[in-house]
Amino acid sequence: MRRLPRSLFLASVSKPLLRCDRAYVPLLRQPPPEPPALPRFLPFSGRTLSAPASPDAAPAAQLTGLEFLEAAELREAANDHQEAFVFAFKALETLQVSLGGWSLPVARALRLAGSAASRLGRLSDGLESLNAAANIIDSLESRDTDVTTVGVAVHEQLARTKTAMGHRWDAVSDLRRALELKTSLLEEGSVELGEAHKDVAEAYTGVLDFEKALPLFLKALEISEKHFGEESPEVAKVRRLLASVYVGLGRNEEALGQSKLVRMVYERLGLDTELSLVEIDVANVLILLRRSDEAMDVLKRVMNRANKESEERALAFVAMAKILVAQDEERFGDSKRCLEIARGILDMNNSVSPGRVAEVYAEVSMLYETMTEFEVSMCLMKKTLGFLEGVPEMQHIQGSISARMGWLLMLTERAGEAVPYLERAVEKLKNCFGPLHFGLGFAYKNLGLAYLGIDQPQSAVKYLALARDMIIATFGPNHEDSIDAIQSLANAYGVMGSYKLAMDCQEQVIDAYRSCGPDSLDDLKEACRLREQIKKKAQGLRHAVFPANSLPVLPDRRK
C-alpha cells in the first residue's frame, strides 16, 4: 500500500464554485398563478419552528405583523435570542396572512427566526428557516436596496449556521453570494467591501481552494492599503493571510516576502506576541524552502523573546522539531524532546483554545509518524479527536485526523479498527471540502482497502471506484497515485471474482506505465505479471496468486 500523502489537503480540485439552485423548501408553497386566488401561507404551526408563548409577549397581543417584526429585531440587537425567536414567529403567523408568503417582511421574519434558532443551538431549524428566506429573496428579483440588504444578512447567517454544522464547503457559496450583493450596496473601495473580500477569501482558504482565495485577498489588500496605509496592523493582518494562500499554492518565496513585511510592521509597533507568531510563520516557510539554518536562527529569536509557558514558545519547539526530523535519524531524540516540551506547555496553558491545541497536536502526531513512532502518533491523534468532540466548526481537522488514523491502522494491519475511522473521515471531509476534493478520494481509497482487508470485496469495489474517478480527475490517468488507485480496484475485482473487470483495470495500469517511459519499466513488468495471474485465476488454476501486491509496506522515511 502506498504511503498516504504528507497532507490530504495541500491543494484543491480547481473547479468553479458556482451558486447552485436551491432545492425546494417545504416551508413555502410555490406562488400560485397571477392573480392569486388565495393567500400564500407558511404552515409553521405543526412544524419544527413552532414556539411556546412568552410571558413577556402577552401585552403585545394587539401588535401588527410589522410591529412584531420590529420587536424581534430589537430583541436580536439586545442578544435576547429566545424572545427574538418568539416575536419573529408571531410576525410570521401574522404576515403570511396579510402579505402572503413571498414578501420581503416574511423574509425578514424568517431571517430573524433562523438566526435566533441557530444561536439557541437549534441549527437544523435555523437552516430550514434561513433557506426559506433565501428562496423568497431570490424570487423577488428586485434591485431594491431593502431586498438586497436583507439578502446580505440572510446569506451571511446561512454561512455562519452551515459552518457551525461543519458544512464549510456549502457555507462558501453563501458568503460569495453575500459579497455579490454587497458589491451593489457599498461604495467601490470602501472599508466594508474590503472586509467582505477578506471574509470570503478566508472561507475559500478554509476549504483549501487557494486559487479562488488569492484574487480576493489581493483585492482586500489593495483596499486596506488605501485606507490604513502599508505599515498598519490592518494591512499586516491581510498580508499574513495572503502568505498562507501562497504557501497553499506552493509559491513559498512570495509567502516569505509577505511574512517578512508583516514582521517589519509588528517589530516597529512593538507587538511582541504577534511578532513571535509571524516569525514562526517565516521559519516554517524557510523549512519548506530547505533553508533550515535560517529557520533555526529565527526560532532562537522567538525562544529568547517569548515567555517560558507561552503558546508561541510551544509552536517554536514544534517547528524546531521539524528541522531536526528532516536532518538525520540521529536527531530523532532531540526532536522528541522538543515535542515533549511543546506538549507540556500546551497541556498547562489554559489560555490556548481547544481548536488551536488540536491543530498543534495533529502536527506533532505527524512528526512522530515520520519517525515511525506509530503507536505514539495514534495515541496523540486519539487525544486530538477528544479535544474536538462537540466542536462542529472544527470538523475539517476531525476528518483529516480520522483519515490519517485509519491509514496508520491499515499500515499496522488492523483493517477492522481502521474502517470506522475512515468512514468518519469520509463523512467529515465531504462536508468540509466538497464532494470532489482529492483528499476525499484518498480517504475513499483507504476505506476500500480496509474493506478488502476484512473480506468485504463488494464494499471495497464501491469505494475504490469512487477513489479512482476522483484521483484521476485531479492528477490525470498517468500519475502514480492514479495508477495505484486503478491497481487497487483491479485487486478488489480479482478478490471478488470479477475477472473481466479486473482485467480491464489491469490493462489500464499497463497502458499508464507504458506512457511513463523507461523509468517505470520495473512497475510495467510487475503490472504485466499481475495480468497473467488474473488470466490464470479466470481459468480456475489453483496456483495463481492474486492480488500479490496488496500488503501494506512501511513508509520510506526519506519522503
Side-chain angles (χ1 to χ4, degrees), residues 12 17 145 148-149 151-153 155-157 159-160 163 168 171-286 298 311-312 315 353 355-356 359 393:
S12 62
L17 192 86
T145 300
T148 306
T149 301
V152 168
H155 284 286
E156 288 185 334
Q157 185 58 52
R160 284 191 289 271
T163 300
R168 292 157 63 96
V172 177
S173 59
D174 286 295
L175 280 176
R176 185 84 202 204
R177 178 59 177 156
L179 174 60
E180 292 170 1
L181 295 171
K182 283 183 179 180
T183 302
S184 66
L185 282 176
L186 300 172
E187 181 182 350
E188 174 66 25
S190 65
V191 173
E192 294 83 359
L193 202 55
E195 280 295 311
H197 278 84
K198 180 175 70 67
D199 290 344
V200 181
E202 285 189 87
Y204 274 123
T205 303
V207 298
L208 307 177
D209 199 337
F210 302 113
E211 291 182 1
K212 300 281 194 322
L214 180 58
L216 292 162
F217 270 132
L218 291 173
K219 182 65 175 179
L221 180 62
E222 175 191 330
I223 294 173
S224 295
E225 286 180 333
K226 173 185 173 183
H227 286 280
F228 303 110
E230 292 186 7
E231 298 185 357
S232 64
E234 291 85 358
V235 169
K237 181 179 179 180
V238 179
R239 286 193 186 280
R240 192 175 178 202
L241 294 167
L242 179 59
S244 69
V245 170
Y246 280 133
V247 170
L249 292 170
R251 295 162 62 173
N252 296 321
E253 289 288 358
E254 290 166 279
L256 185 61
Q258 294 295 328
S259 294
K260 285 183 175 179
L261 289 172
V262 176
R263 180 170 65 180
M264 291 169 58
V265 172
Y266 289 154
E267 197 167 23
R268 182 177 58 80
L269 295 174
L271 301 172
D272 286 348
T273 298
E274 291 82 356
L275 176 60
S276 293
L277 291 173
V278 79
E279 286 196 322
I280 293 168
D281 292 345
V282 169
N284 281 318
V285 177
L286 287 169
V298 173
E311 175 188 354
E312 54 268 29
L315 295 174
S353 70
R356 184 59 175 156
E359 289 177 350
E393 61 270 22

Verify, without hydrogens or angle tests, whether R168 (side chain) and G206 (backbone) share a donor-acceptor contact under 3.5 angstrom.
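Checked: pair present.
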Report yes or no: does S184 contribute a side-chain atom to a donor-acceptor pair with the main-chain N or O of L181 at less than 3.5 Å?
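Yes, the answer is positive, given that a donor and an acceptor are paired below the 3.5 Å cut-off.
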Please name all residues satisfying salt bridge (charged side-chain N to carboxylate O under 4.0 Å, His left out) with [X], sequence neighbours left out, ordered by chain then number.
X    : answer
E312 : none
R356 : E311, E359
R160 : none
E188 : K219

Approximate separation, where rounding is to 0.5 Å, of [X] [atom1] and [Y] [atom2]:
X    : Y    : atom1 : atom2 : value
I280 : L315 : CD1   : CG    : 4.5 Å
L214 : D209 : CG    : CG    : 11.0 Å
E187 : L193 : CD    : CG    : 9.5 Å
I223 : L218 : CD1   : CG    : 11.5 Å
K237 : L221 : NZ    : CG    : 14.0 Å
K182 : E156 : NZ    : CD    : 3.5 Å

Residues in side chain to side chain contact (heavy atoms under 4.5 Å, CB included) contact with S244, at least two apart in sequence or another chain
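T205.
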L175: which residues meet the side chain to side chain contact (heavy atoms under 4.5 Å, CB included) condition with it, sequence neighbours left out?
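L175 satisfies side chain to side chain contact (heavy atoms under 4.5 Å, CB included) with A159, V200, A203 once adjacent residues are dropped.
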With a cut-off of 3.5 Å and sequence neighbours excluded, list every side-chain donor-acceptor pair involving residues 227-234.
from : atom 1 : to   : atom 2 : distance (Å)
H227 : NE2    : G189 : O      : 2.6
E231 : OE1    : R268 : NE     : 3.2
S232 : OG     : G229 : O      : 2.8
S232 : OG     : V235 : N      : 3.2

[X] to [Y] - nearest heavy-atom pair and separation:
X    : Y    : answer
V265 : A236 : CG1-CB, 4.1 Å
G194 : A220 : O-CB, 3.6 Å
S259 : V278 : O-CG2, 3.8 Å

So, using side chain to side chain donor-acceptor pair (under 3.5 Å) as the criterion, who are the partners of [X] when residues are at least two apart?
X    : result
E267 : none
S276 : R305
N284 : K322

Kindly indicate whether the side chain of [X], heavy atoms from C-beta on, has any atom under 4.5 Å from the side chain of [Y].
X    : Y    : value
L286 : N252 : no
L277 : R240 : yes
V262 : L275 : no
Q258 : V285 : no

Which pairs pass salt bridge (charged side-chain N to carboxylate O under 4.0 Å, His left out) with one or both residues in residues 257-266, sequence neighbours excluded?
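Qualifying pairs, neighbours excluded: R263-E279.
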Keeping to residues at least two apart or across chains, list the side-chain hydrogen bond (donor to acceptor under 3.5 Å, both in side chains) pairs with something in residues 189-198.
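Every side-chain hydrogen bond (donor to acceptor under 3.5 Å, both in side chains) pair that includes a residue of residues 189-198, provided the two are not neighbours, is K198-E202.
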